[in-house]
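Residue numbers begin at 1 in each chain, while the letters A, B, ... track the order of the sequences. Just so you know, these numbers use all the heavy atoms, side chains as well, and skip hydrogens, waters and symmetry mates.
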There are 2 protein chains.
Amino acid sequence: MPKRRKYDEVPACAMVATLNLINGRWKGVILYYLLIKGTMRFNELHRQLPGCTPRLLVKQLRELEEDAFITRTVYPVVPPKVEYSLTDEGRTIGPILSQLNDWGTGWLERRGLRPKAAAAA
Amino acid sequence: MPKRRKYDEVPACAMVATLNLINGRWKGVILYYLLIKGTMRFNELHRQLPGCTPRLLVKQLRELEEDAFITRTVYPVVPPKVEYSLTDEGRTIGPILSQLNDWGTGWLERRGLRPKAAAAA
DNA sequence: CAGTATCCCGATGGATACTG
DNA sequence: CAGTATCCATCGGGATACTG
């Protein structure tokens with residue numbers, strides 16, 4: 001497993017390591033979609049993420065794959081078909097995402113802000 | 001409240017917003033220490049974070065303060081004395097940090113890795 | 001369809017030194 | 001003690017265009 005992200009080499013603690021794993025502009029949302037939809041193709045996922053360029057989407061997916069959160073299945077057909085889905089490992093992080101979302105919702109409210117699009121419930 | 005960090009303006013969802021709040025090389029650990037020690041002075045905190053420069057520590061503390069996680073109390077004495085402690089708001093995130101840490105510990109074990117320094121329990 | 005290839009920018013954070 | 005001041009390297013990520 002290569003060193004790819006900033007503080008992977010020497011995680012100060014498991015908590016920091018975990019934060020590093022799900023950092024990334026779209027990772028949380030990607031995991032969320034795979035969690036509720038089960039399996040999605042590349043462009044299907046892409047359509048859910050307005051503003052995300054293919055380049056970045058690929059990158060985030062590859063990182064999630066390296067970290068064993070998701071699997072990438074390539075079907076040898078024309079046109080290409082690639083499916084992404086959560087691993088069992090990936091599913092274990094579901095509760096954390098929910099908790100982050102719940103806490104954040106409360107925080108935004110307490111600060112008089114409002115979540116723009118409720119991508120995760 | 002000024003726009004300071006990358007995705008504050010339009011959080012895709014509360015979950016992403018929350019992640020952005022506790023992103024930062026040392027924020028998780030800072031919160032953890034304040035959580036268990038209650039109140040700490042600048043250098044006292046600094047000593048717990050080998051590798052963290054004063055410059056960066058100040059920055060992270062200021063951000064945490066802006067986000068209402070901590071308070072900064074300056075005592076008008078010589079030599080200077082400044083204390084940092086969690087707000088009630090800050091304390092509400094404690095359970096999340098624990099959960100991130102617990103999950104991360106399991107993840108590191110399952111991947112055959114080992115947390116370097118167990119900064120958070 | 002599922003990506004690559006380039007180019008580019010701003011934010012984050014490290015190193016080092018200095019100060020009221 | 002609790003910071004500032006500078007300078008600098010890196011990285012995440014955006015824009016745009018192209019392809020097997």
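At whole-Å resolution of the value, CG in B:Asn43 and C1' in C:dT19 are 14 Å apart. Note: CG (A:Leu19) to P (C:dG13) measures 12 Å, nearest angstrom. A:Glu63 has its CD atom 11 Å from the C1' atom of D:dG13, to the nearest Å. Rounded to whole Å, atom C1' of D:dC11 lies 7 Å from atom NZ of A:Lys59. Remark: C1' of D:dA9 and CZ of B:Arg25 are 16 Å apart, rounded to the nearest angstrom. As a whole-Å value, the separation of B:Leu49 CG from C:dG14 P is 11 Å. Rounded to an integer number of Å, the gap from A:Ile30 CD1 to C:dA2 P is 14 Å. The separation between A:Lys81 atom NZ and D:dG20 atom C1' is 19 Å, rounded to whole Å.
Hydrophobic clustering (ILVMFWY, side-chain heavy atoms < 4.5 Å, transitive): A:Ile36 and A:Met40 are in one cluster. Grouping the Ile, Leu, Val, Met, Phe, Trp and Tyr side chains by contacts below 4.5 angstrom, directly or via other members, places A:Tyr84 with A:Val74. Under a hydrophobic-cluster definition in which Ile, Leu, Val, Met, Phe, Trp and Tyr are linked whenever side-chain heavy atoms come within less than 4.5 Å, directly or via other members, A:Val82 and A:Val77 are assigned to different clusters.
Of all heavy-atom pairs spanning B:Gly38 and B:Ser85, the tightest one is O-CB, 3.2 Å.
B:Asn20 pairs in a side chain to side chain contact (heavy atoms under 4.5 Å, CB included) with only one of the listed residues (B:Val16, B:Thr18, B:Ile22), which is B:Val16.
Where B:Gly51 and A:Glu83 each meet DNA chain C at their nearest nucleotide, the meeting point lying more 5' is that of A:Glu83. Along DNA chain D, the nucleotide closest to A:Leu56 and the one closest to B:Arg47 are compared, and the more 5′ of them pairs with B:Arg47.
Pairs passing the salt bridge (charged side-chain N to carboxylate O under 4.0 Å, His left out) check and including a residue from residues 26-50 of chain A, sequence neighbours excluded, read A:Lys27-A:Glu63.
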Could you run down the sub-3.5 Å N/O contacts of the protein with nucleotides 3-7 of chain D?
from: D:dG3; atom 1: OP1; to: B:Arg62; atom 2: NH2; distance (Å): 3.0
from: D:dG3; atom 1: OP1; to: B:Arg72; atom 2: NE; distance (Å): 3.4
from: D:dG3; atom 1: OP1; to: B:Arg72; atom 2: NH2; distance (Å): 2.6
from: D:dG3; atom 1: OP2; to: B:Tyr84; atom 2: OH; distance (Å): 2.7
from: D:dT4; atom 1: OP1; to: B:Arg62; atom 2: NH1; distance (Å): 3.3
from: D:dT6; atom 1: O4; to: B:Arg55; atom 2: NE; distance (Å): 3.0

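From one end of the helix from C:dC1-D:dG20 to C:dG20-D:dC1 to the other, with five pairs defining each end axis, the axis direction shifts by 60° (rounded to 10°).
Of all nucleotides listed (C:dA15, D:dG14, D:dC1), D:dC1 comes nearest to the side chain of B:Arg41.
Between the A:Thr87 side chain and the A:Ala68 main chain, a donor and an acceptor come within less than 3.5 Å of each other. A donor-acceptor pair is defined here as one N or O able to donate and one able to accept, closer than 3.5 Å; such a pair exists between the side chain of A:His46 and the backbone of A:Cys52.
Among the protein residues, B:Gly24 comes within range of the sugar-phosphate backbone only, with heavy atoms under 4.0 Å from sugar or phosphate atoms but none that close to a base.
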* Asked: What do the steps show when you test B:Thr92 against A:Trp103 for side chain to side chain donor-acceptor pair (under 3.5 Å), and what is the final call?
  -> CA-CA 8 Å; B:Thr92 67; A:Trp103 185 90; 3.0 Å; yes
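A sub-4.0 Å separation between OP1 or OP2 of D:dG13 and a side-chain N or O of A:Gln60 is present.
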